[in-house]
Amino acid sequence: NGKEWTNNRKVGVSVGVPARLPEGKERLNNEMHSLVGWLQSEGCDRFAKGNERPRFRVAMKQEKDVQNILTLARSECEMKDIAWNTKLAAVKDKTREVWRIRFQNRGIEEMLEDIGYKFNCLSAEKQTPNGIMECNNENIKHFLQANFEAEGSISIRDGVIDFTSASRERSEEIRALLRRFGIWARIRKTSKCATNGKRIFRNYYTVTVSSEHARTFKDKIGFLSEKKRKKLETVCKKRCNPNLDLLPSRDILLDLHIKTKIGKYRLAGHTLGSMYCGKKDVTRKTYVNNLRPNLQKLVDSVGKKVGGN
């Protein structure tokens with residue numbers, strides 16, 4: 001109920017959590033985080049037939065994105081003095097109108113294994129490596145940039161940023177990493193056809209960032225491509241919908257009103273005090289600017305007579 005400690009947890013119970021998660025420690029360089037983000041989003045690392053080693057395969061519409069992955073992989077190999085096939089290049093698949101690359105590299109495999117990367121997983125089974133979840137915010141920024149560039153989209157009409165994955169766990173992990181930057185996101189489940197050409201109908205989980213959190217995303221993370229950056233600028237210029245960022249406050253305020261006999265308007269410090277006590281949750285902005293200062297004022301007035309309804 002927001003007022004007592006309890007171990008009795010069940011569906012529908014509101015739990016207070018930190019608005020911003022603490023920063024982790026650095027494990028890899030920024031380029032490696034970008035590479036992991038691209039491989040997780042657009043790559044396939046299934047084992048080749050008769051071989052217990054992963055073969056990395058990537059297929060994308062834009063040649064520059066595929067070349068970017070090659071550049072990141074080559075850079076990591078040069079930095080760690082790992083052998084790399086310099087003749088490896090993107091090849092255009094005329095059947096599906098996409099660019100493809102395929103490669104195997106023991107050094108990259110070992111680096112990914114060190115951070116807990118799991119190979120040979122279906123899209124719905126993918127998870128963010130523990131080594132990524134523990135990294136500092138600068139590393140996480142590059143990881144999120146790659147993920148949102150690959151599997152993210154922007155709706156100017158709705159004013160939202162979306163990240164979609166077939167893996168529920170991965171979507172939850174992306175949402176948790178966004179909270180490192182104070183960004184709150186929602187997850188919704190949808191069913192649609194896969195985009196891999198097989199037209200498989202399955203569940204997807206979409207992480208949605210909107211309202212003032214879209215502005216925070218622009219300032220602290222952002223997109224890599226100019227096209228998506230321009231779209232995000234347009235979204236951030238739109239008026240925010242504060243009703244997308246609500247706190248579970250209605251029952252707490254109603255309980256305070258009943259037990260203290262303080263009027264609803266005086267308690268909430270807002271003209272909508274009667275609505276906020278039992279009927280409507282307050283927005284985060286209203287809580288910070290109105291409700292919290294007013295409650296603090298009432299606490300400081302203990303033993304004194306206060307006027308108002």
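This chain uses plain numbering: 1 for the first residue, then up along the sequence. For the numbers below, each heavy atom of this structure counts, side chains included, while hydrogens, waters and symmetry mates do not.
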Asks: Using distance alone, with no hydrogens and no angle criterion, decide if Gln296 and Asp300 have a side-chain donor and acceptor under 3.5 Å apart.
Replies: yes

Asks: Do side-chain atoms of Thr71 reach the backbone of Gln67 as a donor and acceptor pair under 3.5 angstrom?
Replies: yes

Asks: Rounded to the nearest 0.5 Å, how far apart are CG of Leu232 and CZ of Phe217?
Replies: 7.0 Å

Asks: Can any side-chain N or O of Glu125 pair as donor or acceptor with the backbone N or O of Ser167 at less than 3.5 Å?
Replies: no

Asks: Do Asn139 and Asn30 pair up side chain to side chain, a donor and an acceptor below 3.5 Å, judged on atom types alone?
Replies: yes

Asks: Under a 3.5 Å distance rule, please check whether Asp45 uses its side chain to pair with a backbone N or O of Phe56 as donor and acceptor.
Replies: no

Asks: May I have the step-by-step check of salt bridge (charged side-chain N to carboxylate O under 4.0 Å, His left out) for Arg168 and Glu172, ending in yes or no?
Replies: CA-CA 6 Å; Arg168 179 183 180 89; Glu172 292 284 3; 3.6 Å; yes

Asks: So which heavy atom on Ile221 is nearest to which on Gln145, and how close?
Replies: O-NE2, 2.8 Å

Asks: Return yes if a side-chain donor-acceptor contact under 3.5 Å exists between Arg170 and Ser123, otherwise no.
Replies: no

Asks: Is the number of heavy atoms from other residues, nucleotides or ligands within 6.0 Å of CZ (Arg102) greater than 12?
Replies: no

Asks: Quick one: CD on Glu42 to CD1 on Ile101, what's the gap to the nearest 0.5 Å?
Replies: 10.5 Å

Asks: Looking at Ser225, is its backbone amide N or carbonyl O close enough to the side chain of Glu149 to form a donor-acceptor pair, meaning the two atoms are under 3.5 Å apart?
Replies: yes

Asks: Between Ser41 and Ala150, is there a donor-acceptor pair closer than 3.5 Å when you use the side chain of the first and the backbone of the second?
Replies: no

Asks: When you check the gap from the basic side-chain N to the acidic O, do Arg106 and Glu109 get nearer than 4.0 Å?
Replies: yes

Asks: Among Asn137, Leu144, Ile183, whose side chain to side chain contact (heavy atoms under 4.5 Å, CB included) with Leu177 holds?
Replies: Leu144

Asks: Would you find more than 12 non-hydrogen atoms of other residues, nucleotides or ligands less than 6.0 Å from Lys92 atom NZ?
Replies: no

Asks: Taking Lys220 for its side chain and Gly182 for its backbone only, find out whether a donor-acceptor pair lies under 3.5 Å.
Replies: no

Asks: Indicate yes or no for a side-chain donor-acceptor contact from His257 to the backbone of Ile262 under 3.5 Å, with no hydrogens or angles considered.
Replies: yes

Asks: Using a 6.0 Å cut-off, check whether atom CZ of Arg55 has over 12 heavy atoms from anything other than its own residue.
Replies: no

Asks: Quick check for you: to the nearest 0.5 Å, what is the distance between Glu151 atom CD and Trp38 atom CH2?
Replies: 10.0 Å

Asks: Nearest heavy-atom pair of Tyr205 and Ser171: which atoms, and what distance?
Replies: O-OG, 3.2 Å

Asks: Atom NZ of residue position Lys238 - does it have more than 12 heavy atoms of other residues, nucleotides or ligands inside 6.0 Å?
Replies: yes

Asks: For residues Ile140 and His33, report the shortest heavy-atom separation together with the two atoms involved.
Replies: N-CD2, 4.5 Å

Asks: Whether the side chain of Asn203 engages the backbone of Ser191 through a donor-acceptor N/O pair (distance < 3.5 Å, no angle test) should be reported.
Replies: no

Asks: Could you give the distance from CG (Asp251) to CG (Asp281), rounded to the nearest 0.5 Å?
Replies: 8.0 Å

Asks: So, Arg229 and Glu226, do they make that salt bridge, N to O below 4.0 Å?
Replies: yes

Asks: Is the backbone N or O of Lys61 less than 3.5 Å from a side-chain atom of Asp65, with the two atoms forming a donor-acceptor pair by type?
Replies: no

Asks: Any chance you could measure Leu224, atom CG, to Lys64, atom NZ, to the nearest 0.5 Å?
Replies: 8.5 Å

Asks: So which atom in Glu113 and which in Phe119 form the shortest heavy-atom distance, rounded to 0.1 Å?
Replies: CG-CE1, 3.5 Å

Asks: Taking CZ in Arg53 as the centre, count heavy atoms belonging to other residues, nucleotides or ligands within less than 6.0 Å. Is the count above 12?
Replies: yes

Asks: Between Asp162 and Thr206 (side chain of the first, backbone of the second, donor and acceptor by atom type, cut-off under 3.5 Å), is there such a pair?
Replies: no

Asks: Just how far is it from atom OG1 of Thr128 to atom OH of Tyr117, taken to the nearest 0.5 Å?
Replies: 10.0 Å

